[in-house]
Participant: 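I'd like to ask you about the structure that follows.
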Amino acid sequence: MSRVRLELGDGDVAFEVERGAGDTLVVRGPDGVERELELADLGGGRAMVAIDGGARSAVWFARDDDVLFVHAFGRALRFEIAQRGDARRKRKRGGGGDLRTPMPGLVTRVLVAVGDVVEANAPLYGLEAMKMESLIKAPARVRVIEVLAEAGQQVDGGVDVVRVEPLPAEEAEEA
Amino acid sequence: MLKKVLIANRGEIAVRIARGCRELGVATVAVFSEVDAGAPHTLAADEAICIGPAAPNESYLDVGKLIDAARTSGADAVHPGYGFLSERAAFAAAVRDAGLVFVGPSAETIEALGDKQRARALAEQAGVPVTPGAALEDDAQLPELAQRIGFPLLLKAASGGGGKGMRVVRSAEGLDEALGSARREALTAFGDDRIIVEKLIERPRHVEIQILCDQHGAAVHLLERECSVQRRHQKIIEEAPSVAVDAALRARMGDAALRIARAANYHNAGTVELMLAEDGHFYFLEVNTRLQVEHPVTEAITGVDLVHEQLRVASGERLALSQGDIAPRGHAIECRVYAEDPERDFAPSPGPVLALSEPQMPGVRVDSGIRHGQTIPLNYDPILAKVIAHAPTRDAALARARRAMAEYVLLGFPHNVPFLDAVLAHPAFVAGELHTGFIAEHWPDGFRGATASERELALAAALLDGPARGRSAATGGSAAGDTPSAAPSPWQSLGSWRQR
């Protein structure tokens, strides 16, 4: 038996997966609800699935590193598979939101300097990618603690351009 | 008729133009940048010429390389598609100066209509209403000008289009930031940072008229398209006809469009964009001097192939169509598929095409520029494909479009198909209650895709345990039934996973 945690909205939910009879898999949800799945891999990213002995339906799937893409029951779904202690999770817990570049691009401008205190939604820097400039904004009232790139610089996706720290409530009120 | 056309573009539109040429027996030449060596448009033409690195300035926007490619290949004409150099007068002039035919209006017409101020003046002279506004000659004037016109305002690039370099400003505080950002975007996109300040008409519909004019003075319009569903001022769903346009209004709009066309000495296909206010008045927006992304909805309801007509007009032929021949037949809806994440404010989200299956059904046309195995380059516009549903009624077209969205399978990166489907399903869209702020009104906090059901989660778990195990980019691979039960379960190394 193996155990998985799914992060769904407010928190994690535990799922258990084990082999059932024949080729089936039993997936046990957080409420103890069990689903028995029969899954036939057709190759080329296609499979047939039957859940709890119900009708078989065709699904598409593709795996890219820590992401699983599935097209099933008429819609597309994307599952992110995070490692324990994943940087993103840590960042999320630490608050302050994710200010990293959403994709590779050109830093068009940096609108803050180290030490600046800015309000929620204040623009921090601009990033141009696919002919579009996006402004990356402060998730809350924050102080800028580091600026790592300058205007005109080409950057990768997922890197920090500006680092900030959330301001304690009392300090926020003074400032 | 032209003999051989160089298509100075990429993606779905280049594929579509190649098809149109071939149907008329015209040979085609594709151009491609190094990242597009295996792209569908490169494969769609009779021959293909590499014109340089991925950066648009060194390939698709390099006039010299394109002219050289046309000469080398023996092409007698250049089709610019949309975007890139399609509305640069200098390009049209360079093509002409090289002794080649430019499939579009003259350089002079492009220049006159490409400059928003001149286009406005031309519309006014032609008796077509324009919104109050003025060019910003000096940044210091902005506060005063803004005061005079009144908020809310629209700042837009003088030589812009497609929503680039365009900003809405609701109060004086937002002016500086909006101006800076509009200018920068305008400069990058068009090489010109002049800005126009305009009164913003609230809740307008975007309605546009397709025009087609030959070089002998004949001109027809091919009815309207409604393109009100926009994000970042860029259209994502278009339809024809518009539910807000009756025969009388259609005639007046068509008339206005043709007056502008005549005033601009227009030839070839073009689009006069209008803003339709809630009170039924319409205002001139701009003229797009090229084929539009959304031209297929017009083709669907009129039965006219616009690329064919473009090629005929460019060859010097007379229009075979007269206005009386053109009547709407049924209803068509186009959905634009983009490599953008609707859950992250439509930020571009290019990636590898790990699986692709586009809808194939009666009444549905797919103009696609992607293929399985391709990696979507991040150097260009994120448009991937267009799905056009045509049926006798709007309801039937809508049902077809929804079916097509459900069958559009594209795996490998976030894209906007789930959002397109959500728009099609929205009661206000179904009722035809559209305006250009439709998305902002109905998704004020952004779009959140449906969360996975318990069944879907169980399926994901089963896939990860079986055919989708392993971390490399792969679409299945293992044959049915060979899942080794003795292998260590991936769950032990996975730790946790999350769904978004």
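Worth saying up front: this structure is predicted, and the values here are computed from it rather than measured. Here is how names work: the chains are called A, B, and so on, in the same order as the sequence lines, proteins then strands, and each is numbered from 1.
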Participant: Side chain, backbone, both or neither: which part of B:A189 has a heavy atom under 4.5 Å from chain A?
Facilitator: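 No part of it gets close to chain A.
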Participant: Would you give the length of the straight line joining atom CG of A:L77 to atom OG of B:S453, rounded to the nearest 0.5 angstrom?
Facilitator: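 Between atom CG of A:L77 and atom OG of B:S453 there are 7.5 Å.
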Participant: Under a 4.5 Å heavy-atom cut-off, does chain B meet the side chain of A:V59, its backbone, both or neither?
Facilitator: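 Side chain only.
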Participant: Using non-hydrogen atoms only, which part of A:L106 is less than 4.5 Å away from chain B: side chain, backbone, both, or neither?
Facilitator: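 When you check distances to chain B, no heavy atom of A:L106 falls under 4.5 Å.
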Participant: Please report the interatomic distance CZ(A:R78) to OG(B:S349), rounded to the nearest 0.5 Å.
Facilitator: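 Rounded to the nearest 0.5 Å, the CZ-OG separation comes to 8.5 Å.
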Participant: Which heavy atom of B:A460 sits nearest a heavy atom of A:L68, and at what distance?
Facilitator: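 So the minimum-distance heavy-atom pair works out to O-CD2, 3.7 Å.
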Participant: So which part of B:P377 gets closer than 4.5 Å to some heavy atom of chain A, the side chain, the backbone, both or neither?
Facilitator: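 Just the backbone, heavy atoms under 4.5 Å.
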Participant: Heavy-atom cut-off 4.5 Å, strictly under: side chain, backbone, both or neither for A:V49 against chain B?
Facilitator: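 Answer is side chain: those atoms of A:V49 sit under 4.5 Å from chain B.
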Participant: Report the option among B:A347, B:S357, B:P418 that has the most heavy-atom pairs separated by less than 4.5 Å from atoms of chain A.
Facilitator: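 Looking at each of B:A347, B:S357, B:P418 in turn, B:S357 comes out on top.
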Participant: B:L411 and A:A62: which non-hydrogen atoms are nearest, and at how many Å?
Facilitator: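 For B:L411 versus A:A62, the nearest heavy atoms are CD1-N, 3.8 Å.
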Participant: Where do A:A129 and B:P348 come nearest, in terms of heavy atoms and distance?
Facilitator: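 Heavy atoms of A:A129 and B:P348 come nearest at O-CG, 3.9 Å.
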Participant: As an exercise, state the distance from CZ of B:R344 to OG of A:S134, rounded to the nearest 0.5 Å.
Facilitator: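 The distance works out to 9.5 Å.
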Participant: Relative to chain A, which segment of B:I383 carries a heavy atom at a distance below 4.5 Å: side chain, backbone, both, or neither?
Facilitator: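 The answer is neither part of B:I383.
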Participant: Go through A:R75 and B:E456 one step at a time and tell me if the salt bridge (charged side-chain N to carboxylate O under 4.0 Å, His left out) criterion holds.
Facilitator: CA-CA 10 Å; A:R75 62 184 193 159; B:E456 289 162 337; 2.6 Å; yes
Participant: Any chance CZ of B:R448 has more than 12 other-residue heavy atoms, nucleotides or ligands included, within less than 6.0 Å?
Facilitator: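 Atom CZ in B:R448 is not crowded, with 12 or fewer foreign heavy atoms closer than 6.0 Å.
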Participant: Other residues, nucleotides and ligands only: do more than 12 of their heavy atoms fall within 6.0 Å of CG on A:D52?
Facilitator: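 For A:D52, atom CG is crowded (more than 12 foreign heavy atoms under 6.0 Å).
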Participant: So A:L39 and B:L459, do their side chains get closer than 4.5 Å, heavy atoms only?
Facilitator: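 Touching, per the 4.5 Å side-chain cut-off.
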Participant: Rounded to the nearest 0.5 Å, how far apart are CG of B:L464 and CZ of A:F61?
Facilitator: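 Going from the CG atom of B:L464 to the CZ atom of A:F61 covers 10.0 Å.
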Participant: Around A:E165, counting heavy atoms of other residues, nucleotides and ligands shown, do more than 12 lie under 6.0 Å from its CD?
Facilitator: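 Check passes, neighbour count above 12.
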Participant: Hey, is the main chain of B:A406 close enough, under 3.5 Å, to the side chain of A:H71 for a donor-acceptor pair?
Facilitator: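 Checking the backbone N and O of B:A406 against the side chain of A:H71, a donor-acceptor pair under 3.5 Å is found.
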Participant: Given a strict heavy-atom distance threshold of 4.5 Å, which part of B:R184 is in contact with chain A: side chain, backbone, both, or neither?
Facilitator: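 Only the side chain of B:R184 comes within 4.5 Å of chain A.
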Participant: Would you say that more than 12 heavy atoms from the other residues, nucleotides or ligands in this model lie under 6.0 Å from the CD of A:Q154, or not?
Facilitator: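 Enclosed: over 12 neighbouring heavy atoms sit under 6.0 Å from CD of A:Q154.
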Participant: Flag the one option from B:D345, B:D421, B:T188 with the top tally of heavy-atom pairs under 4.5 Å to chain A.
Facilitator: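 Looking at each of B:D345, B:D421, B:T188 in turn, B:T188 comes out on top.
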Participant: Which heavy atom of A:P123 sits nearest to which heavy atom of B:E177, and what is that distance?
Facilitator: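 A:P123 and B:E177 have their closest heavy atoms at CG-OE1, 3.7 Å.
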Participant: What distance separates B:L463 CG from A:W60 CH2, expressed to the nearest 0.5 Å?
Facilitator: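 Here the interatomic distance stands at 14.0 Å.
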Participant: Minimum heavy-atom separation for B:A458 to A:V27, with atom names?
Facilitator: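 The answer is O-CG2, 3.9 Å.
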Participant: Closest approach of A:F79 and B:A452, non-hydrogen atoms and distance?
Facilitator: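 A:F79 and B:A452 have their closest heavy atoms at CE2-CB, 4.0 Å.
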